[in-house]
Amino acid sequence: MRDIALGQYFPGNSFLHRMDPRVKMVLTFLYIFAVFIPRNWVGLCGAVAFLAIAVLLSKLPVKLVLKSIKPVIPLVLITSALNIFYVSEGTAVFEWWVIHITTKGLITASFIAIRIICLIAGSSLLTYTTSPTTLTDALERLLSPLKIVRLDVHELAMMMTIALRFIPTLIEETDKIMSAQKARGADLESGGPMQRIRALVPIVVPLFVSSFRRASDLATAMECRCYRGGMGRTRMKQMKMRAADILSAAVVLAVIAALFALNFFIRPVL
Amino acid sequence: MPVIETQNLSHTYSPGTPFVKEAITDISVKIEKGDLLGIIGHTGSGKSTLVQHFNGLLRPTSGKVFLNGRDIWEKPKKIREVRFKVGLVFQYPEHQLFEETTYKDIAFGPSNMGLDADEIDRRVRLAARFVGLKDELLKKSPFELSGGEKRRAAIAGVMAMQPDVLILDEPTAGLDPRGRDTILGQISEYQQENGTTVVLVSHSMEDIAKTAKKVLVMKRGAVAMYGETAEVFSRAGELEAIGLAVPAVTRIFMQLRARGFEVGENAYTVRQAFERLLPLLRKGGAGGA
Ligand SMILES: Nc1ncnc2c1ncn2[C@@H]1O[C@H](COP(=O)(O)OP(=O)(O)OP(=O)(O)O)[C@@H](O)[C@H]1O
Ligand SMILES: [Mg+2]
């Protein structure tokens with residue numbers, strides 16, 4: 001159970017780790033947008049190269065980044081296949097019965113595959129280099145203008161932080177309770193559907209009990225430290241934009257501009 | 001023939017991820033029938049990991065575990081039967097209570113074994129008596145019991161399966177001194193009356209000294225010492241090098257001997273110390289030195 005990479009934060013002290021999380025978040029969104037700009041190979045290669053540089057800067061093991069792509073491989077394969085078989089423009093390279101594969105289909109398929117992979121790898125770079133709590137903190141700051149429309153951004157972010165914080169704890173707890181009930185001979189693997197659902201009772205009940213106990217402990221602890229919601233709350237760790245953040249933002253904007261420009265100067269293949 | 005034997009047992013958590021952790025390495029031990037074995041070691045030394053191999057909750061990364069001479073992973077489908085023969089009480093077992101009544105919760109294990117109602121009833125009452133839970137508590141919801149009572153109910157839940165080997169992981173954690181003594185006393189009594197093999201995991205040298213006949217000392221996932229309680233505790237220097245203190249009374253005895261008092265063998269419990277020192281004091285003289 002513990003092997004599920006949920007809170008996939010990978011601690012470190014690289015350039016990406018030290019970036020202002022707000023800037024990092026915005027730039028990640030911009031990058032995802034940028035991946036869809038190029039309509040020619042040069043631009044697309046540029047987008048991939050940019051990602052590769054970011055991975056190097058993060059000092060993460062490349063294997064880890066590749067692993068984040070693994071879950072979307074089926075999606076990539078299906079969308080590519082659909083494109084290969086349904087795009088009928090362009091010169092045919094292979095024809096047999098109802099199947100005809102064209103150059104245009106192949107190109108569209110590879111563009112889409114590369115875009116999806118960049119999108120996933122780029123956003124996992126954000127979650128790998130930013131702890132979940134920092135992430136929600138940044139989100140709170142970015143969304144704070146929504147306070148005007150009476151959305152309690154702080155409360156929302158606090159709920160997210162707490163939920164994220166307790167996911168690993170809950171997994172660990174489930175693991176422990178399952179082991180304990182298995183030690184008493186609980187059979188979780190065999191039997192019909194009804195029997196299997198009934199077999200969950202000895203696990204779900206203690207899990208609920210301990211979650212409520214944890215929730216009430218946490219509430220008490222928060223009250224003891226005079227937590228009263230977001231009003232007038234200041235922070236110990238201020239998020240600060242440094243020169244490096246501004247520089248990164250400039251680089252990303254320049255890349256986007258370049259990608260747009262390339263679309264004008266190079267004949268699109270799409 | 002030992003009841004439980006491990007051969008070159010190793011276990012690695014989360015292999016192939018950035019969080020790999022080799023928790024125990026190359027452990028070969030034999031536990032004889034009827035032993036009351038204490039396992040002691042620092043936090044994180046792999047005690048819980050080791051005992052979870054004894055009943056097949058964890059599968060060895062390498063090495064083997066034998067129960068009554070048979071490899072428990074010979075037929076993985078039959079692993080549930082191993083769990084009925086080797087009962088394991090987890091750390092903080094009160095967190096696993098779930099039934100409407102304490103009685104039903106204690107009966108959970110025995111009913112999973114497929115026993116008939118009369119036998120289940122007999123076993124539940126016997127186990128409840130061993131841990132000192134009164135009949136009126138059995139009718140209550142387990143969530144209404146006090147902390148110590150919950151702990152005892154959870155222990156009774158495993159005792160009621162009447163396993164050949166009873167393993168308790170830190171049964172006294174978080175209890176007050178009287179609660180600790182009660183539970184340890186009940187475990188000793190249970191062991192004597194049924195001749196069950198008992199394995200007791202603990203942080204506390206005092207607890208082990210009071211209860212166990214043999215001691216296994218763990219250090220960073222390996223066995224550092226294994227032998228009779230008296231023998232292990234006589235190697236105080238080695239124990240302290242591992243960072244485990246011998247019981248306070250033992251230390252007093254060693255100091256007394258170092259200062260020339262004829263205290264005889266080392267004592268490990270207050271009771272023993274009392275019995276050894278009393279005649280010495282009666283003789284008088286010694287105090288005047
Ligand atoms: N499920 C798990 N996944 C990953 N690592 C684990 C897991 N359980 C234990 N470990 C690690 O294995 C090592 C041994 O843990 P174990 O629980 O066996 O120690 P212990 O001697 O029982 O400690 P304690 O006295 O604190 O209960 C520890 O370093 C721990 O962090
Ligand atoms: Mg433990």
Side-chain angles (χ1 to χ4, degrees), chain A residues 1-12 58-68 70 128-129 168-191 195 198-214 216-217, chain B residues 13-21 48-49 51-52 54-58 76-77 79-100 104-115 141-143 150 154 156-161 163 166-169:
Chain A
M1 290 280 291
R2 275 195 212 203
D3 298 339
I4 305 171
L6 260 170
Q8 31 178 239
Y9 175 49
F10 199 87
S58 73
K59 299 219 175 100
L60 293 173
V62 178
K63 225 165 104 188
L64 197 69
V65 182
L66 292 182
K67 215 177 117 190
S68 70
K70 221 164 85 185
Y128 278 139
T129 58
T169 316
L170 268 182
I171 292 178
E172 198 175 312
E173 186 105 357
T174 314
D175 224 19
K176 234 185 244 163
I177 293 172
M178 272 169 73
S179 297
Q181 306 299 25
K182 273 199 242 163
R184 292 207 277 167
D187 189 0
L188 307 173
E189 272 117 38
S190 56
Q195 231 175 333
R198 264 225 310 268
L200 285 181
V201 173
I203 289 156
V204 173
V205 172
L207 205 56
F208 265 101
V209 171
S210 78
S211 302
F212 281 121
R213 190 187 53 230
R214 257 183 232 289
S216 102
D217 285 355
Chain B
Y13 286 109
S14 326
T17 73
F19 310 102
V20 282
K21 168 88 206 174
S48 303
T49 308
V51 296
Q52 284 178 61
F54 292 165
N55 74 339
L57 275 176
L58 290 179
K77 290 242 165 70
I79 200 71
R80 256 179 96 210
E81 277 158 38
V82 173
R83 298 192 183 137
F84 296 134
K85 288 197 186 119
V86 183
L88 173 61
V89 182
F90 266 76
Q91 229 160 338
Y92 297 103
E94 56 273 27
H95 293 169
Q96 75 206 31
L97 300 171
F98 70 99
E99 275 285 13
E100 289 155 74
K104 280 197 199 168
D105 207 284
I106 300 177
F108 180 65
S111 23
N112 281 332
M113 297 171 78
L115 302 170
S141 153
F143 300 108
K150 275 187 198 161
V158 175
M159 277 184 180
M161 303 197 314
L166 177 66
I167 306 172
L168 301 111
D169 195 351

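Naming convention: chains lettered A, B, ... in sequence-line order (proteins, then strands); numbering from 1 in each chain.
- Here the straight-line distance linking atom NE2 of H95(B) with atom CZ of R213(A) works out to 4.0 Å at 0.5 Å rounding.
- A donor-acceptor pair is defined here as one N or O able to donate and one able to accept, closer than 3.5 Å; such a pair exists between the side chain of Q181(A) and the backbone of Q96(B).
- Under the side chain to side chain contact (heavy atoms under 4.5 Å, CB included) criterion, P11(A) pairs with Y9(A), sequence neighbours left out.
- When all heavy atoms of V201(A) and F98(B) are compared, the pair lying nearest together is CG1-CD1, 4.2 Å.
- For residues 59-66 of chain A, heavy-atom neighbours of chain B at less than 4.5 Å comprise L64(A), sorted by residue number.
- Partners of S48(B) according to the side chain to side chain contact (heavy atoms under 4.5 Å, CB included) rule, which considers only residues two or more places apart in sequence or in another chain, are Q52(B), Q91(B), D169(B).
- Of all residues spanning residues 106-115 of chain B, those with a heavy atom less than 4.5 Å away from chain A's heavy atoms are F108(B), G109(B), N112(B), arranged by number.
- L97(B) touches chain A through its backbone: at least one of N, CA, C or O sits under 4.5 Å from a heavy atom, while the side chain does not.
- Taking CG of N55(B) as the start and CZ of R184(A) as the end, the distance is 13.0 Å to the nearest 0.5 Å.
- Of the listed residues (P202(A), S210(A), A186(A)), the one with the most heavy-atom contacts under 4.5 Å to chain B is P202(A).
- The part of F143(B) that comes within reach of chain A is its side chain, from C-beta onward, which places non-hydrogen atoms under 4.5 angstrom from that chain.
- Summarising the geometry of G185(A) relative to F84(B), their closest heavy-atom pair is CA-CE2, 3.6 Å, with the distance given to 0.1 Å.
- In this structure a side-chain-to-backbone donor-acceptor pair under 3.5 Å is missing from R83(B) to A183(A).
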